[in-house]
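First the structure, in the form of structure tokens, and then the observations on it.
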Amino acid sequence: MPLTDQQRTAINGERPNNLLLAGPGTGKSFTILAYIGMLLSESVSPNSILVVTFTRAATNELKREICRLLGENGTLPHIYTLHAFSLRQLMRNVNRVDYLPRNFSIADDFEERHIILEDLKRQLGIVNIRDVRRLFNLLASNWETLNADRTDWEVTFESPEFVGAWREHREIFGYILRSELVYQFKKALEEVDGLRLDGPLEYVIVDEYQDLNRCDLRVIQFLNENGARLFAAGDDDQSIYGFRYAYPEGIRRFTELVPDSEQHSITECRRCDERILRIAMEVIRQDHRRVPKILRSVTGKPGHVSILRFPNQIFEASKIAEIIQVLKEREGYKDRDFLVLLRTDFRCVFSEVINQALQRLKISVNTQNQSYVFLDTPIARRFIAIAKYLDNSHNDLAIRTILSTTQGIGPTLIDSLITVARDRNWRFHQAVQAVCNEEIRGIRNSMKVQTVMEPIVALKRRLDDEEMQFSNVVDTIIEMLQDDRGVTDILKTIFIEQQIESIRELVNFITDILGPAEPSDECAEGVRIMTMHRAKGLTSKVVFVVAAEDEYLPGRGEPDEERRLFYVALTRAKHYLYITYCTRRTGQQQRTGFLRQPTSVRTLTRFLTDIPEPRPVDGCTFKA
């Protein structure tokens with residue numbers, strides 16, 4: 001597909017720094033790819049180009065597209081999420097950044113929840129784990145908003161003793177949290193002399209610029225100030241990550257904040273049919289702070305939009321299933337062509353009702369989100385921990401997980417090892433090693449630690465001393481686990497499917513899939529049911545936006561951001577858009593959402609009440 005005039009103007013900007021304002025479906029990704037292709041065609045070294053994406057899925061997709069552009073033997077630019085790029089640079093400079101633990105690991109979600117949070121909960125005498133999580137979120141907010149740059153931030157923190165306990169715990173277990181990665185990289189950029197970065201970087205290309213927080217923006221600004229040209233792409237109308245302190249003013253004030261820059265727009269929407277785009281624009285134009293822009297549909301089709309009112313969620317779910325069945329028969333659509341979006345779905349309270357209605361009509365539901373749930377089982381976590389240890393024998397959290405998943409080793413023994421590490425200013429792996437070497441005495445059940453670690457340490461030595469086939473390493477781990485082959489057989493199948501051939505590839509793969517949830521593959525089979533946040537970046541021929549009610553949109557949320565989230569949900573649709581709401585919700589659904597007091601009464605979201613068309617109709621009598 002050739003570039004449009006608007007896209008061509010953007011990639012040929014006359015200023016060093018350029019912003020591409022691109023609404024949904026206007027070809028932002030295509031333009032970014034064309035810009036990269038132009039640079040490479042002008043003999044710019046791939047090693048001097050950094051592309052920053054917002055999700056791992058976007059990273060992988062862009063790599064595939066560039067490989068297709070360059071051919072199998074082409075050299076790729078640096079393409080990472082900002083978190084991954086920050087980690088890579090910190091690892092390159094591990095001996096220069098002396099304020100971080102040596103040989104640090106990145107705590108995955110399981111380790112954060114079941115080791116770090118639980119330890120601090122017990123140590124500080126906090127009753128509810130949710131209170132510990134809240135303090136961690138508060139800690140993350142200080143990094144993301146750059147409040148942590150203040151010299152007194154720890155003193156003014158809600159719980160200074162929590163910060164102190166966390167710092168001590170991090171030193172003993174030698175980890176970095178995902179939420180601090182970018183901040184620690186920013187700090188290194190500003191404070192560490194002679195920092196070695198990939199590159200040298202001459203071009204920095206940033207996708208989804210509107211979703212960067214103040215800390216993210218400071219990293220990009222630093223690279224720009226040190227000679228890299230900036231090409232940023234995004235849309236302030238789609239800034240929906242306020243919970244991680246995304247700063248939409250960064251894109252709205254781009255030409256003011258970035259020297260020698262200019263702004264370009266592409267406004268031709270190739271995704272949404274005319275009526276769908278029209279209602280979406282009516283919604284988003286209510287935000288007076290947005291950068292003014294009017295998109296126009298160039299699909300050449302009118303599209304269909306309906307706002308359907310139901311007495312309760314049972315009727316709502318049944319009609320959704322009925323419409324899907326009718327469109328499958330009439331349009332020849334497949335189950336994967338349907339996307340059902342929810343503002344919230346705590347404990348599947350909303351999706352389960354819809355799921356049951358679809359199953360009654362034998363309509364398949366995509367279950368991709370649950371594919372790796374088994375990885376949180378004790379046997380799988382033990383397998384993962386052993387693999388992490390084989391990759392890095394100083395991975396304290398991995399050793400801790402190995403011990404914690406061993407029958408007969410409880411919190412008392414673990415706390416004894418932590419005490420040894422604290423008293424001697426050691427890391428946890430040093431305390432365990434000393435116990436295994438019988439250098440430490442007086443710890444009850446210490447022989448159990450020796451028995452558990454001995455075969456794993458021996459395998460690590462063997463792996464370091466000789467070349468072992470990956471399949472043999474996996475088989476050896478499985479023998480240690482003494483599993484019934486259920487989970488481990490699934491693991492082996494996944495390794496084959498993913499073409500994993502080394503421990504390092506295995507650890508990277510596990511780290512990837514245990515990271516924050518990301519959008520499902522559009523090619524996945526079955527009707528996809530997910531929250532609006534998770535649908536960012538996806539499209540579908542038919543979209544249902546369910547529970548479009550003032551109690552959820554905006555509820556008690558920040559109205560401008562909730563409006564943008566609703567806009568993102570609406571613009572996932574290509575040809576059919578159905579917006580549903582109920583006048584009453586019963587059971588658990590009346591207790592879910594942003595309500596101060598549970599109530600069954602529901603009303604249409606304020607974002608739609610002043611829109612001239614379409615008007616709500618009785619969903620029970622609606623004919624698809």
Side-chain angles (χ1 to χ4, degrees), residues 7 10-11 17-36 49-66 77-86 144 178 181-182 203-221 223-224 230-254 257-258 261 263-266 269 271 284 290-291 293 295 515-520 522 531-539 560-561 564-565 567-569 571-572:
Q7 292 168 335
I11 69 173
N17 304 307
N18 292 273
L19 169 66
L20 175 65
L21 268 180
T26 57
K28 171 172 63 69
S29 298
F30 178 73
T31 309
I32 290 174
L33 184 63
Y35 181 67
I36 296 171
I49 302 171
L50 168 64
V51 186
V52 177
T53 63
F54 194 69
T55 65
R56 299 184 309 276
T59 297
N60 294 333
E61 177 61 24
L62 190 55
K63 285 181 178 178
R64 284 194 293 268
E65 291 297 327
I66 295 178
H78 303 287
I79 307 174
Y80 301 103
T81 64
L82 194 53
H83 280 76
F85 180 71
S86 299
E144 291 163 347
R178 278 198 184 95
L181 265 174
V182 179
Y203 295 87
V204 175
I205 302 164
V206 184
D207 191 14
E208 306 292 5
Y209 197 79
Q210 77 281 350
D211 291 325
L212 303 186
N213 57 44
R214 289 176 186 265
C215 182
D216 302 333
L217 287 166
R218 181 67 193 103
V219 170
I220 301 302
Q221 179 185 2
L223 298 176
N224 179 236
L230 176 59
F231 185 90
D235 178 14
D236 64 309
D237 289 339
Q238 298 184 74
S239 179
I240 61 173
Y241 293 103
F243 57 84
R244 66 177 298 275
Y245 298 92
Y247 185 63
E249 292 306 306
I251 193 169
R252 289 172 176 167
R253 298 171 56 202
F254 183 89
L257 298 173
V258 179
S261 62
Q263 175 180 303
H264 311 273
S265 297
I266 48 177
C269 177
R271 177 193 302 161
I284 200 60
R290 67 187 287 265
V291 177
K293 64 186 87 69
L295 304 184
E518 294 198 356
S520 300
E522 291 193 49
T531 63
M532 296 175 183
H533 278 104
R534 291 206 64 215
K536 181 78 176 290
L538 300 180
T539 63
D560 285 342
E561 174 153 338
R564 294 194 295 267
L565 180 61
Y567 172 74
V568 167
T571 53
R572 300 311 93 193

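Proximity of a side-chain donor or acceptor of R271 to a complementary backbone N or O of T571 within less than 3.5 Å is detected. In this structure a side-chain-to-backbone donor-acceptor pair under 3.5 Å is missing from Q210 to P248. K28 places no side-chain N or O within donor-acceptor distance of the main-chain N or O of D235, the cut-off being under 3.5 Å. A donor-acceptor pair under 3.5 Å links the side-chain atoms of D236 to the main chain of V291, judged by distance alone. Between the side chain of R564 and the main chain of I240, no donor-acceptor pair closer than 3.5 Å is present.
With a 4.5 Å cut-off on side-chain heavy atoms, H78 and V204 do not count as touching. Contact annotation: the side chain of F254 never approaches that of Q263 to less than 4.5 Å [non-hydrogen atoms, C-beta and beyond]. For the pair H264 and L19, the minimum side-chain heavy-atom distance is 4.5 Å or more. Annotation: side chain of L62 is in contact with side chain of L33 (closest heavy-atom distance under 4.5 Å). The shortest distance between side-chain heavy atoms of P77 and I36 falls below 4.5 Å.
In this structure, D207 CG and F231 CZ are separated by 10.0 Å, a value rounded to the nearest 0.5 Å. The CG atom of D216 sits 13.0 Å away from atom CD of E208, with the distance rounded to the nearest 0.5 Å. In this structure, CG in N17 is found 4.5 Å from CG in N224, a value given to the nearest 0.5 Å. Here I284 contributes atom CD1 and Y567 contributes atom OH; the two are 6.5 Å apart, rounded to the nearest 0.5 Å. From L217, atom CG reaches atom CG of L257 across 8.0 Å, with rounding to the nearest 0.5 Å. In this structure, Q7 CD and I266 CD1 are separated by 5.0 Å, a value rounded to the nearest 0.5 Å.
Considering every non-hydrogen atom in both Y241 and H533, the closest pair reads OH-O, 3.6 Å. Between V258 and S261, the shortest heavy-atom distance links the atoms O-OG, 2.6 Å. The two atoms that bring A233 and I32 nearest to each other are CB-CD1, 3.9 Å, heavy atoms only. What you find for L20 and A10 is that their closest heavy atoms are CD1-CB, 3.6 Å. Heavy-atom minimum distance, L295 versus P24: CD1-CD, 3.7 Å. L230 and Y209 make their closest contact through CD2-OH, 4.2 Å (heavy atoms, listed as atom of the first residue, atom of the second, distance).
Shown here are the side-chain contact (heavy atoms from CB on, under 4.5 Å) partners of T59, two or more places apart in sequence or in another chain: T53, K63, I79, T81. S86 meets the side-chain contact (heavy atoms from CB on, under 4.5 Å) test with L82, V182, F185; sequence neighbours excluded.
The residues R290 and D560 are annotated as not salt-bridged, no charged nitrogen and carboxylate oxygen being separated by less than 4.0 angstrom.
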Audit row: Q238, D211, side chain to side chain contact (heavy atoms under 4.5 Å, CB included) steps and yes/no:
CA-CA 8 Å; Q238 298 184 74; D211 291 325; over 6 Å; no
One pair to check against side chain to side chain contact (heavy atoms under 4.5 Å, CB included): Y247 and R253. What are the steps and the verdict?
CA-CA 11 Å; Y247 185 63; R253 298 171 56 202; 3.7 Å; yes
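Aromatic ring orientation, F85 versus Y80: tilted (interplanar angle from 30° to 60°).
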